[in-house]
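Lettering follows sequence order; numbering is per chain, from 1.
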Amino acid sequence: MINPLRGMKDLTFQESQRFNHIIETATTIAKRYGYGYIETPILEETALFRRSVGDSSDIVTKEMYQFEDKGGNDVCMRPEGTAGVVRAFVSAKLDRQPLKQKFYYYGSMFRYERPQKGRLRSFHQFGCESFGEGSVYEDFTIITMIGQIFQALGIGYELKLNSLGCSDCMPTYKRDLVTTLTTIEEELCGDCQRRIQSNPIRVLDCKNSTCQSLLATAPKLIDHLCESCNQDFKTLTALLDSADIAYCVDTHLVRGLDYYNKSAFEFVSDQIGAQSAIAGGGRYDKLVEYLDGKPTPAVGFAIGIERIMELVQMPEPTREGIYLGSMVAEGIAPLLHLATRKRQETKVTVEYNPKGFKSHMKGADKAGARYCVLIGEDELANGTLWVKDLQTKEEQTPNREAF
RNA sequence: GUGGACGUAGUUCAGUUGGUAGAGCACCUGUUUGUGGCACAGGUUGUCGCGGGUUCGAGCCCCGUCGUCCACCCCA
């Protein structure tokens, strides 16, 4: 027997229904906000992720499904969705149009990690990317949208917020931080010592408790924002306050991908184990440029589908469609033709084997059908059908053509 | 990549100091030969993850391997 690869999962029955429900709900809401569907390839040039996600990130350095294809190209399976969408945006030269463009996507992402609760090697994200809108109002709008999606799915969450500054204020802050970190370098964990050179900002969200206590006195990003970033952050928090959206400012929230600036946010759940981030995103005004497009501000986010699967409250299932069955062999053929006709309007289940009356009733019940439609000796003889509404329990015996 | 727990029927799980494999649920049939969900009765279901080893004998002990789960790490 061939089983799925490690960290990869098949979805069937209730699970696939949940999956669909999540995608449908998120899609419906994204469309209301003006987003249109974009589909991009799962396989991309490795260089794309090196330049966008970042050479120093763990995702790129150790988690990518990377290989050489038969044409000798260095390719990899997408570990996240934003890079591909931005690449598509630039490839289509949409960066040369003054229009604002908004895209939503969903699909499989791949990261070669050790599987655990809420973390698979092949997993799914639903995401949105808004291009061309530099206003912080868009940041607010996108956070509101995620909130609406979670509300529609019946999911509780906590919102964490931070500002990562911009190309004006971040570099000076980074220098200050490196200076501070260097003085306490020997007390930091090995990872953090390395990060001082490679990616000092990441030291801020180190999970090591001694590192965290050392950082208490380190300069905070939020206190070193330039005038514009500071103003935007204030505007954002004020809007969230007035919209009654609860949030907490987490000065150590640093997105794991290098391309973020200004607003960064993370939606967290305390009910799903250690992998608690259920959605994350923020502004990435420089990424289009990094990928050879014209300067274009952008904001986006992604929701981890697997992480919210067990949190979603599904709507009550309702009886739907028709169950067709016969108690005599000659009754089956007419039912097949009836099925074709009825399938133009509703779900139809046909039992191919003649069975006892009671078996058919059970079968109709199991199939979740609203109507149980049977042919017995009487019905076969006089060209009628026996029809029972399993919900109201009403019965009829219409002519076959009239039904 | 590191650590821990686990792997027995379709599924959830029992299985004693090593002695020929068990239950609930599900499924099928019947009680009821034309009225579902409920009840009762009966029935089907196994490479005990895989490969070695110890033993007269291994689901149980030992080694290896694959996988699952959880945590670290990372992140959605």
Cation-pi geometry met for A:Lys342 and A:Phe403 (6.0 Å, 45°): yes
Listed nucleotide nearest any side-chain atom of A:Leu390, set B:rC74, B:rG36, B:rC27: B:rG36
Rounded distance in Å between the P positions of B:rC61 and B:rG1: 28 Å
Whether over 12 other heavy atoms sit under 6.0 Å from A:Gln151 CD: no
Sugar-phosphate only, base, or nothing, as touched by A:Gly273 at under 4.0 Å among non-hydrogen atoms: sugar-phosphate
Touch class at under 4.0 angstrom, heavy-atom based, for A:Lys388 against every strand present: base
For atom CG of A:Leu204 and atom P of B:rC75, their distance in whole Å: 13 Å
Side-chain-base donor-acceptor pair under 3.5 Å for A:Lys393 and B:rG36: yes
A:Ser57 vs A:Thr397, nearer the 5' end of RNA chain B by closest nucleotide: A:Thr397
Partner nucleotide of B:rG30 by Watson-Crick or wobble geometry (both distances under 3.5 Å): B:rC40
Pair assignment for B:rU68, Watson-Crick or G-U wobble, requiring both distances under 3.5 Å: B:rA5
Sugar-phosphate only, base, or nothing, as touched by A:Asp378 at under 4.0 Å among non-hydrogen atoms: base
Side-chain donor/acceptor contact of A:Arg114 with base of B:rA71 under 3.5 Å: no
Pairwise P distance, B:rA21 and B:rA9 [rounded to whole Å]: 14 Å
Rounded distance in Å between the P positions of B:rA26 and B:rG7: 25 Å
Sugar-phosphate, base or nothing in reach of A:Gly368, heavy atoms under 4.0 Å: nothing
Sugar-phosphate, base or nothing in reach of A:Phe123, heavy atoms under 4.0 Å: base
Any N/O donor-acceptor pair, A:Gln116 side-chain to B:rC73 base, under 3.5 Å: yes
N-O pairing of A:Lys9 and A:Glu306 below 4.0 Å: no
Lys/Arg N to Asp/Glu carboxylate O, A:Asp292 vs A:Arg87, below 4.0 Å: no
Criterion side chain to side chain contact (heavy atoms under 4.5 Å, CB included) on A:Leu221 and A:Thr251, from CA distance to verdict: CA-CA 7 Å; A:Leu221 202 50; A:Thr251 57; over 6 Å; no
C1' atoms of B:rG46 and B:rU11, separation to the nearest Å: 14 Å
Electrostatic pair A:Lys100:A:Glu133 at N-O distance under 4.0 angstrom: yes
Closest to side chain of A:Lys117, choosing from B:rC74, B:rC70, B:rG67: B:rC70
Whole angstrom value for the distance that separates C1' of B:rA76 from CD1 of A:Ile142: 15 Å
Touch class at under 4.0 angstrom, heavy-atom based, for A:Ala364 against every strand present: nothing
Given B:rC74, B:rG34, B:rC70, the nucleotide with the shortest approach to the side chain of A:Glu379: B:rG34
Gap in Å between the two P atoms, one belonging to B:rG15 and one to B:rG52, rounded: 28 Å
Nearest to side-chain heavy atoms of A:Phe357, which nucleotide of B:rA76, B:rC75, B:rU35: B:rU35
First encountered from the 5' end of RNA chain B, between A:Ile272 and A:Gly280: A:Ile272
Side-chain donor or acceptor of A:Arg319 paired with backbone N/O of A:Ala369 under 3.5 Å: yes
Atom-pair distance (NZ on A:Lys362; C1' on B:rA26), nearest Å: 13 Å
Complementary nucleotide for B:rU54 - Watson-Crick or wobble, under 3.5 Å: none
Nearest-angstrom distance from the residue atom NE2 of A:His360 to P of B:rC28: 13 Å
Base of B:rC75 paired with side chain of A:Arg111 (donor-acceptor, under 3.5 Å): no
A:Gln14 CD to B:rU11 C1', straight-line distance once rounded to whole Å: 12 Å
Rounded interatomic separation in angstrom, taking OH from A:Tyr105 and C1' from B:rA76: 9 Å
Among B:rA76, B:rC69, B:rG36, the nucleotide that comes nearest once only the side chain of A:Ala277 is considered: B:rA76
Quiz item: A:Arg119 side-chain donor-acceptor pair to B:rC73 base, under 3.5 Å: yes
Rounded C1' spacing from B:rC63 to B:rG22 in Å: 29 Å
Whole angstrom value for the distance that separates C1' of B:rG36 from CH2 of A:Trp386: 9 Å
d(OH, A:Tyr112; P, B:rU2) in whole Å: 11 Å
Rounded C1' spacing from B:rG19 to B:rU12 in Å: 28 Å
Distance-only donor-acceptor test, A:Lys358 side-chain atoms vs B:rU35 base atoms, 3.5 Å: no
Side-chain donor/acceptor contact of A:Glu395 with base of B:rG34 under 3.5 Å: no
From B:rG36, B:rC75, B:rU29, nucleotide with atom closest to A:Arg319 side chain: B:rG36
Salt-bridge contact A:Asp139-A:Lys262 (side-chain N to carboxylate O under 4.0 Å): no
B:rC60 versus B:rU54 - spacing of their P atoms, nearest Å: 15 Å
